[in-house]
A.B. asks: 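What follows is a single structure, and I will ask about it in a moment.
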Amino acid sequence: MKKSRTGKNLIILLLVMLPLLIGAKFLDLELRNVKGDPLVDMTLLVNGNSVKAQPADPDVDYEGQEEEKPAESEASVRIINDKKKSVAIRVSKDQVYIDNQLIVGKPFEKSFEEIYKSGMSVEVTDDYGDYRAMKKVLDYLDEAGIFYSKKETR
Amino acid sequence: MSMRFNSKKILVIMLAVLLMLPVMGAGSSGGKVKLDLDDYHAKNSSTTIGTSGTERSIADGDITFRIPDSMTRVDDTEIFNKHISDEKDGEMYLDGNALFGIFYFDNDYFVDVPEEKDETNAIERAIISNICPSEEKRLKWNSLTLRHYFYPTSQSKSLAGLNFHHYVGKYENFRVEFAFTPTDKGICVILFIYNHDGTKADAAISVMESLRIK
């Protein structure tokens with residue numbers, strides 16, 4: 001009889017304690033003045049130039065890339081490009097040069113892709129470059145995730 | 001007799017399960033806390049925190065801190081909420097490959113219901129969900145009748161005696177660490193955003209140690 005009373009008391013105690021035992025219950029609190037304007041806009045941080053400009057991907061073996069054999073090609077220009085270790089881009093006024101060759105008649109992106117190979121270093125020189133031309137080049141490199149160093153001639 | 005024994009057994013099991021529930025909610029999903037000051041003190045007992053850098057302040061001078069020379073200011077006008085930008089209540093810095101942010105969360109301005117301004121844990125949970133929306137489902141658990149909100153936080157203390165709550169969240173491929181410390185009418189929020197396990201938090205720790213609140 002005594003034992004069953006203890007059991008009953010235990011059940012009552014449990015029911016009383018239930019909200020405390022699940023102690024991690026907090027109210028669902030609403031913030032105001034943050035609709036469409038979050039406290040910190042992570043999309044800008046991640047997609048902008050802050051973190052993305054210097055991604056450190058632990059899965060990429062950068063050392064291994066240098067040992068990669070260049071793809072075979074009959075075109076002599078291609079072979080020269082394969083042996084190259086760096087690409088120089090120069091923006092002068094609204095004209096873009098890749099390795100001192102003025103880009104004419106085709107888009108910068110296409111000309112660059114013909115020369116650039118993974119692992120090459122890229123140097124961008126702002127030689128009194130037009131803002132829009134410069135932005136186009138840098139935006140392209142940022143979007144492609146290509147690291148580059150930048151210098152100015154002024 | 002055997003019936004009584006079974007009910008007792010069930011009671012014990014129920015009690016054990018109920019006791020385990022809050023524990024199950026603990027344990028951050030996002031990884032280890034790099035900004036844990038207690039952990040840093042334990043590991044670097046002989047290291048002194050750098051004293052060089054630039055003195056900065058937010059929240060009308062109520063929150064002051066020192067930014068080490070290794071950190072570079074980021075143009076954060078568009079990054080913070082308009083109110084935080086307008087009041088100059090937040091700053092964002094590049095620290096090597098990581099981002100370090102600090103801002104003042106004004107309870108009067110951002111908390112919808114005045115009676116909830118003292119609900120620090122719930123406010124912190126709402127801040128986390130606002131910045132990293134995918135964390136919301138990790139902080140919520142639905143039972144049959146009730147919705148429960150977990151907040152698996154850990155605590156640490158700066159050398160100046162400020163208490164911090166920590167939470168590690170995720171945003172896309174980035175780990176987003178939160179550290180909260182209360183002020184008179186709000187919360188000082190610290191963010192540390194990175195995508196590489198090898199990221200050093202020494203500069204961020206140094207700012208947190210230099211933090212003073214009026």
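Here is the naming used below: chain letters follow the sequence lines, and residue numbers restart at 1 for every chain.
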A.B. asks: Testing the basics here: between B:K117 and B:I123, what is the closest heavy-atom pair and its distance to 0.1 Å?
C.D. replies: O-CD1, 3.5 Å
A.B. asks: A side-chain contact here means heavy atoms from C-beta on lying under 4.5 Å apart; do B:F164 and B:S158 qualify?
C.D. replies: yes
A.B. asks: Where on B:L139 is there a heavy atom nearer than 4.5 Å to chain A: the side chain, the backbone, both, or neither?
C.D. replies: neither
A.B. asks: Out of B:T199, B:T72, B:I127, B:D76, which one racks up the most heavy-atom pairs below 4.5 Å with chain A?
C.D. replies: B:I127
A.B. asks: May I ask you to check whether B:H166 and B:F180 place their ring centers less than 6.0 Å from one another?
C.D. replies: no
A.B. asks: Check whether NZ of the Lys or CZ of the Arg B:R175 lies under 6.0 Å from the centre of the six-membered ring of B:Y194 and within 45 degrees of that ring's axis.
C.D. replies: no
A.B. asks: Using heavy-atom distances under 4.5 Å, tell me whether B:F103 contacts chain A through its side chain, its backbone, both, or neither.
C.D. replies: side chain
A.B. asks: Kindly indicate whether the side chain of B:H196, heavy atoms from C-beta on, has any atom under 4.5 Å from the side chain of B:N97.
C.D. replies: no
A.B. asks: What part of B:V189 lies closer than 4.5 angstrom to a heavy atom of chain A: side chain, backbone, both or neither?
C.D. replies: neither
A.B. asks: Quick check on B:I84 against chain A: is it the side chain, the backbone, both or neither that has a heavy atom closer than 4.5 Å?
C.D. replies: side chain
